[in-house]
Amino acid sequence: MAEYLQQYLPQSLAYLTAALVHAVLILVVVALGTLIFIWLERKVSGRIQDRLGPTRVGGKFGWLQTLADGLKLITKEDLRPASADSMLFLIAPYVSLCASYVAYIALPFADGWVAIHLNVAVFFIVAVLGLEVFGVMLAGYASGSKWSLFGAMREAAQVVSYEVPLGICVVVPVLIAGTMDLVAIGQMQAGWFFNWFLFHDPFTFIVFWVYFTCATASVNRAPFDLAEAESELVAGFHTEYSGVRWSIFFMAEYSSMVVVSALAAILFFGGWNGPLPITHWLGLADSANPLAHYVANLLGLINFLGKAIAGVTFMMWVRWTLPRLRIDQVMATCLKYCTPIAAFGFAGAVIWTFLFPGGLVIPNKDWVVQEEYQLDEPQAQSAASTSAASTSPLAHADSGLHAEEHHGTD
Amino acid sequence: MSGHEFVDRLKKQFGDAITTVNLEAIDPWIEVKPEGLLALCRYLRDEPDLRFNMLNCISGVDYFEPDEKKAAKAGFEPHIEVVYHLSSIVHKTTLVLKVMLPRWKDDQPGNLPEVPSVSSIWSTADWHERETFDLMGVHFSDHPDLRRILCPEDWVGHALRKDYEMPLEYHGIRGR
Amino acid sequence: MEPINWHSVFFLLFALVGCGFSVAVLLTSNVVRMAFYLVLALAATSGLFFLAGADFVGAMQIMIYVGGTLVLLIFGVMLTARGPFISMRTPAGEWILGAIIGGSLLVVLLSAATSVRAWRPVAVAEGEARPTATRLGMALLGARVDKLEEPDPTQREGMSGYLLPFEIVSVHLLVVLVGSAYLARPKKRAVGSTAETV
Amino acid sequence: MATQTDDPRIIEFDVRTDEMLVNMGPQHPSTHGVLRLVLRTDGEIVSEATPHIGYLHRCAEKIGENLTPRQWIPYTDRMDYLAGMNMNLGWSLAVEKLMNLELPEKARHLRVLIAEMNRIASHLVGMGAYGLDLGTFSPFLYAFREREKILDLFEEVCGARLTYSYITVGGATADLPPGWLQKCEAFLDQLRPVIDEYHALLTTNAIFVRRTAGIGVLSAEKAIDYGCTGPVLRGSGVDYDLRRDGEQRYTEMYDGYAFEVIVERDGHYPKDHDYPPVPKTAVLGDCWHRFYVRMLEVMQAMDLVRQAIDRYSMCSGDWGTPVKLTEKLPKGDAYMETECPRGQMGFYIVSNGGSIPLRARARSSSFCNLSVTYDLCRGCLIADVPAIVGSLDIVMGEIDR
């Protein structure tokens, strides 16, 4: 995009504009995603609980309920307890939001549609998501309330512990793919659904469930929502928050949910590749025509978002069904079950890839109907290396723009 | 064991401590002197064929008529009764004990009448005695933690006394 | 118009943020605020890494220092010390001592930095693959892929990579973990014999 | 982790941190109203939980000394507001005992029918709210969905949905409306399969079992010592139910009704054949057992309601005439305890011959049940406090009166 803008603007301005546009688009994704997912949460929980959920604001389905609530929250007084550490109290929600916001930078929404194409994207996302806890801890400490402090301590203990199995789980697809580049990982799973890493071998299948458990825990969703356990800690770390700052915590929570689900979609469910290689049948993906490629990516985007939404919906389903675990049980789940199982899966996957380098089911991508379509290892690697060759982080951002553009108007 | 046999047995055991026995009442009751209450209660709880192991309720009743004219016709001397309702889960029997106390100790208004605490025998008594102390103004001696339970700590007076008057003001809140 | 080199702008920005908050760490007396400033300073440093194209090191910086160490630090602070203990006043003597040590470190670093000849941006030819973290990772596991081009096979033998330091560091971390677990073990009360208690 | 040493007063901790004194309540989402617990915590471990009550004190007993017994009926509704019918019944029986009133047969079955229906409603709330205490929201709404139907039925009977004042001294204020029994039966038919859902969501749920089994174990001796009654007492394995063991005036209401007291005998509960078995980790007297007793009592109450419907429809004649509002009371005192959903609710009435009693006293079951909190919560985790208090199923309106 920057190159495109250079035709009209001075170079320096072009890069700046491109960067700003990307930033704003991701912000829109985060904000709009939060709006949609809070609405979805209400609808899903309503249906689960034999209720209707919102029905009035914005038509029959209450589309605009979250927006109305957002407006209400904005007009609310921004309270700050007298005993609070005011600077940290004011800043904490933004720290949380920043962490989950930054994770989107490296998240590809379709083949090549990514704001910044990092060659260590997986690692980056996991690292950055771990920062969200920092905002929570600051909030808990700074609120000057004992309940908040309890929430913060629980969150810290929980997230730090769950990063271990989460890291191991994430490493398994990385190991199979041989790269930490999310775009390359996604490209490798093109074709039929059995190309997905979930079905790569039995160990990845197990590892996915461990990953999902740990992801649920690391984004603080029930049954691991101990930091805000309303029946124990009132509201945990955000007890003292109100108005906009409180809603920012919510935005952070929901956008991290989307990030971990999206990460699961890419790592295990083929990312933007559908269960059937439709784009290849139609000849869109391999066409030299940029428009065809664009359409293929559009389909991929829908695919990808569908998977991410399914993941989030699954988290909601779990939340509205299960009771909350106790803190020691959460820790035991992490250390006694998740970590060993993840380690076992990791070891298994290593052995498996050693024994069956090409995968078991797939005599690799020959199953794909189109003869021309052959995305083999060398190709994937070259794709990875060319992307790694990009000098400016902003230079590669143009492709990501479209992803956001589409999502924004969706 | 009929009522009479039972009463005879208790009288033999505790003698003077048992002052009045009313077996014709709706709930037959035994009146005990405060001094003998503790020993009797322990006996009632521990005796294998009695085993009154559950204390259902401790109630304070203020027999007092603030209206002078009606007081003459009331038919009772002003006093406070502390009523213990016991039951035995083992034998499915019930028993009522009553302790009669003066409204004020030594007739000095403000001096709460005293009765020994049975909270060492039944833990139920702990809160029930606190409640009776709070609302009826009976001092249970040897109670481990005799504080007000329903009213605030700094409340004045004992609300269930017949001559109790609501304070005009409590921390800026109008009372009447 | 002279094109602005955004790379330099961001480098300056991150450097300033890093330096500024490092100073702020020194100046505040509240432990949690210190940690917060430290987070910002470290995050800015990782920003510098990203700017230098070292994505892996940058992410590593975030994960280990910010996500791991500092979270644990704050956790420990919150768990054990509250109220009056949370603020730290540095005595004047320690200020002076710290200034001497810090100053000498600064002198050493500055002289080292200025003595580097190749203190200039590395030009990367278009299309040439830039070094990625792969080589580093391989080197840590004992394979110096970057030296495979070495024509002399006898020379190649000696390039065993950094496996030994890597292992030493791992064992060191293990020792630290075991040690902390030992320190946090349940305190046994002396009941009969006092021989058991340490 | 806390470890219990031989000396029960000493709780040892692996890592000692600062002690904190935390107020749980009176404004707290899981204290069932306005209970205030002062927790002394060491990290996540509670070394002491002291209940402070009285935030809902409404001087009901003082009011009772200024009203006639029938006028006081609405105030009994507001004690255990989840089981207003049972409260009405308890007070009515106490006054009838004092007045030595005999009731027609139809009134007896009517009372059983209504009281047991209210027991179902009350236990449903107890169950749902307990799920809420443990962090699951959906069963709460499922429970309220069914309770709502009972409230609809009650509304048809007496016009009120929460504070009924329906059962009154001398009988009830009105007969059941025509067609009500059919609706009631239809409701019971519909409720039966729903209960299996509750069991799937809570009773057998692995997380639920881990949160409740072995937590807050109340021994039978301690339960009796503290005067715990109702499901709390039976959850500790004490075979005692006033509907069977109570005073004659109360038990004869249930004459001819077939029911078994819900208590564990030889590791089995009555009627547990079509219910999930007791998990291995559960200890008699823990939160799980208290919860399970309530669940089974719903089933038992459904049985009783069915029987009452049969008997009631066979009776003809009067459903009991309420006494006059200003009926003179005989001199004397009477104490009556009934088996309410939360335990034994006692009413004590002292009269000096006027129409207004000298003393109206309510012995509340939740009051006694709550008093064990201090003992049960020692050395548990913060998350266990709501689990334990919730399993006692308290209603603050009844505790503070």
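- Both the backbone and the side chain of D:F208 come within contact range of chain A, each with at least one heavy atom under 4.5 Å from a heavy atom of that chain.
- The contact between D:L134 and chain A is made by backbone and side chain atoms together, counting heavy-atom distances below 4.5 Å.
- Atom OH of D:Y81 sits in a crowded spot, with more than 12 heavy atoms from other residues, nucleotides or ligands closer than 6.0 Å.
- The contact between A:I327 and chain D is made entirely by side chain atoms (from C-beta outward), counting heavy-atom distances below 4.5 Å.
- Put simply, the side chain of A:W147 reaches to within 4.5 Å of the side chain of D:M24, judged on heavy atoms.
- The minimum heavy-atom distance between A:R326 and D:A383, with the atom names listed, is CG-CB, 3.4 Å.
- Around atom CZ of A:R80, no more than 12 heavy atoms belonging to other residues, nucleotides or ligands sit under 6.0 Å away.
- Checked options D:T136, D:L201, D:I207, D:N205; the residue passing with A:T321 is D:L201 (criterion: side chain to side chain contact (heavy atoms under 4.5 Å, CB included)).
- In terms of heavy-atom pairs under 4.5 Å with chain A, the best-connected choice from D:I382, D:V385, D:L202 is D:I382.
- Within a 6.0 Å radius of CZ in D:F144, other residues, nucleotides and ligands contribute more than 12 heavy atoms.
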For this session: Report the C-alpha separation of A:Q329 and D:R211 in whole Å, then their side-chain angles, then the decisive distance to 0.1 Å, and conclude whether the side-chain contact (heavy atoms from CB on, under 4.5 Å) test is met.
Result: CA-CA 9 Å; A:Q329 291 162 350; D:R211 286 294 306 276; 3.5 Å; yes
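- A:T333 OG1 to D:R210 CZ: the interatomic distance, rounded to the nearest 0.5 Å, is 5.0 Å.
- D:L141 places none of its side-chain heavy atoms less than 4.5 Å from the side chain of A:W320.
- Here OH of D:Y142 is found 6.5 Å from CD1 of A:I48. Values are rounded to the nearest 0.5 Å.
- At most 12 heavy atoms of other shown residues, nucleotides or ligands fall within 6.0 angstrom of atom CZ in A:R56.
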